[in-house]
Amino acid sequence: MKLRTIFAVAACKLSRRMIRLLGRGGTDLPGRIALKIDPNLLGTLAKGVTTLIVTGTNGKTTTSRMIEQSWRAAGISFFANRTGANLLSGVTAEFAANSTLTGRCRYTHALIESDEAAFKAISRYVDAKGVVVTNVFRDQLDRYGEVTHTLENILIGIRNSKNAVLALNADDSLCTSIADRVENRVIFYGVNTPIYATRVEELSDAPYCIRCKHEYVYDYVTYGHLGGYRCPACGYARPQPQVAVTEVVRSDSERSQVIFSVDAQSIPATICLPGGYNIYNACACMAAGKLMGLDAQATAKSLGEFACGFGRMEKFVLNETPVRMSLIKNPAGCNQVLNFLTQQKEPFVFAVCLNDRAQDGRDVSWIWDVDFERLTAMEDVLKEIYVSGCRAEDMALRLKYAGFPTERLHIQKNYPAFIEQMTASKLPVIVMPTYTAMLELRGTISKRYGYREFWQ
């Protein structure tokens with residue numbers, strides 16, 4: 001073991017401890033310090049650790065937490081970067097925190113959520129046993145560019161992961177195309193049926209065939225560009241998944257009941273989160289279980305014992321008011337939360353927090369591609385709308401143009417006051433923050449109402 005590695009691990013652990021004592025997360029800076037001392041630290045620490053990587057645009061965190069629950073139920077010795085530190089520095093910090101000073105990992109397995117742009121760097125050092133790709137959507141144009149650029153980043157990471165088995169979303173034509181460009185073994189997963197009785201109309205991020213550019217024909221659409229696609233010109237089409245949702249038995253504001261098919265075995269399951277996108281996350285978890293050789297029945301059972309990750313349909317009780325928080329960051333994900341909102345039958349309060357910091361994406365023009373107009377038909381149950389964040393005025397303007405009367409739009413940038421106002425009526429609150437707004441809002445909730453910080 002190189003002395004440099006020992007110093008790097010020690011510096012990472014010490015800086016992380018000091019930051020935590022100050023009441024901060026310490027998820028990224030310790031890793032950056034360690035990498036300054038030993039640029040190859042992650043490669044040293046990850047050697048010999050059986051690692052599964054989860055990447056993609058939407059659903060990484062929730063899918064990872066579902067897999068985590070299945071691993072816990074299976075008795076696997078593992079650690080995970082559950083705080084959301086999914087860049088090279090954050091992943092390095094997690095490996096260092098879970099290793100001895102000499103670099104020996106305390107666990108046999110690692111479950112790593114990876115930012116799709118950072119995956120190509122992380123994969124240079126981590127020899128993953130498996131890679132789960134959730135989907136590829138348009139996201140943070142100032143950072144990722146168009147969807148094809150995101151796809152290429154993921155492809156580079158997979159080419160670096162020569163020993164990995166891939167779990168790819170069969171319903172995403174962009175994801176599916178990866179299988180033709182690499183030699184890795186592939187497990188396809190998908191949803192064989194529509195998941196909504198009605199759905200938000202939205203722009204497709206991949207309307208044309210990735211091979212010949214002809215427009216796709218869909219036998220059904222689940223959401224966005226996902227579904228039963230096929231190209232009538234060249235024949236490129238959705239592959240038959242080995243892991244699939246064959247029936248959505250029931251889906252309400254609390255959970256979904258589905259039937260999985262895993263290698264032709266029919267398995268009922270309850271997913272303890274609402275929303276059609278969480279059906280996809282659960283299906284990805286089932287595919288990860290197959291990839292790791294876990295019992296499919298046990299993996300399905302674990303989905304009913306799962307508790308959501310921070311900010312992902314997370315529940316709070318604030319001022320005796322039920323509050324549900326759901327992260328948004330792009331049109332596809334935001335439209336899916338709106339699908340959840342349209343299922344509400346009882347009166348509720350709607351809140352949105354829009355920031356434009358680096359982790360959110362500086363370009364907030366994506367809010368104009370979200371179908372907020374659909375909510376205007378819910379005036380009987382959607383009572384008041386509260387808006388916060390450093391770009392609150394932009395969001396209020398978007399909602400005004402969607403058709404909401406200005407007297408029902410309330411801007412409040414002070415988070416303690418924002419919480420007090422949106423919970424004043426005691427009606428259930430559904431709040432949609434972007435990433436840094438979620439961290440700030442959740443920090444306020446932790447300090448004022450006694451909830452744990454996201455990193456605890």
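Throughout, residue positions are numbered sequentially from 1 according to the sequence presented.
- Using a distance-only test at 3.5 Å, with no hydrogens or angles considered, a donor-acceptor pair links the side chain of Asn335 to the main chain of Asp371.
- A salt bridge is defined here as a Lys NZ or Arg NE, NH1 or NH2 lying under 4.0 Å from an Asp or Glu carboxylate O, and Asp219 with Arg238 fails to meet this definition.
- Salt-bridge check for Asp180 with Arg211: passed, with a basic side-chain N closer than 4.0 Å to an acidic carboxylate O.
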**OP:** Quick one: do Tyr435 and Leu327 satisfy side-chain contact (heavy atoms from CB on, under 4.5 Å)? Show the steps, please.
**Re:** CA-CA 7 Å; Tyr435 187 75; Leu327 172 72; 4.2 Å; yes

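- For the pairing with Cys334, the side chain to side chain contact (heavy atoms under 4.5 Å, CB included) check across Thr434, Asp369, Asn339, Ile328 returns one residue only, Ile328.
- A centroid separation of less than 6.0 Å is found between the aromatic rings of Tyr223 and Phe137.
- Note: Phe372 and Phe350 have tilted aromatic rings, judged against thresholds of 30 and 60 degrees for the angle between ring planes.
- Under the 4.0 Å criterion applied to side-chain N and carboxylate O atoms, Glu305 and Arg72 are not assigned as salt-bridge partners.
- Atom CD of Glu183 is surrounded by 12 or fewer heavy atoms from other residues, nucleotides or ligands within 6.0 Å.
- Remark: Lys413 NZ is packed, more than 12 non-hydrogen atoms of other residues, nucleotides or ligands lying under 6.0 Å away.
- Between Lys400 and Glu393, no side-chain nitrogen of the basic residue sits less than 4.0 Å from a carboxylate oxygen of the acidic one, so the salt-bridge criterion is not met.
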Side-chain donor-acceptor pairs of residues 291-301 under 3.5 Å, sequence neighbours excluded:
residue : atom : partner : partner atom : Å
Asp295  : OD2  : Gln297  : N            : 3.2
Asp295  : OD2  : Ala298  : N            : 2.8
Thr299  : OG1  : Asp295  : O            : 3.1

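- Checked against the 6.0 Å centroid criterion, the rings of His410 and Phe418 do not qualify as a close aromatic pair.
- With sequence neighbours excluded, no residue forms a ring-ring contact (aromatic ring centres under 6.0 Å, His included) with Tyr220.
- The aromatic ring centroids of Phe95 and Phe79 lie less than 6.0 Å from each other.
- The pair Glu152-Arg159 does not meet the salt-bridge criterion, since no charged nitrogen lies less than 4.0 angstrom from a carboxylate oxygen.
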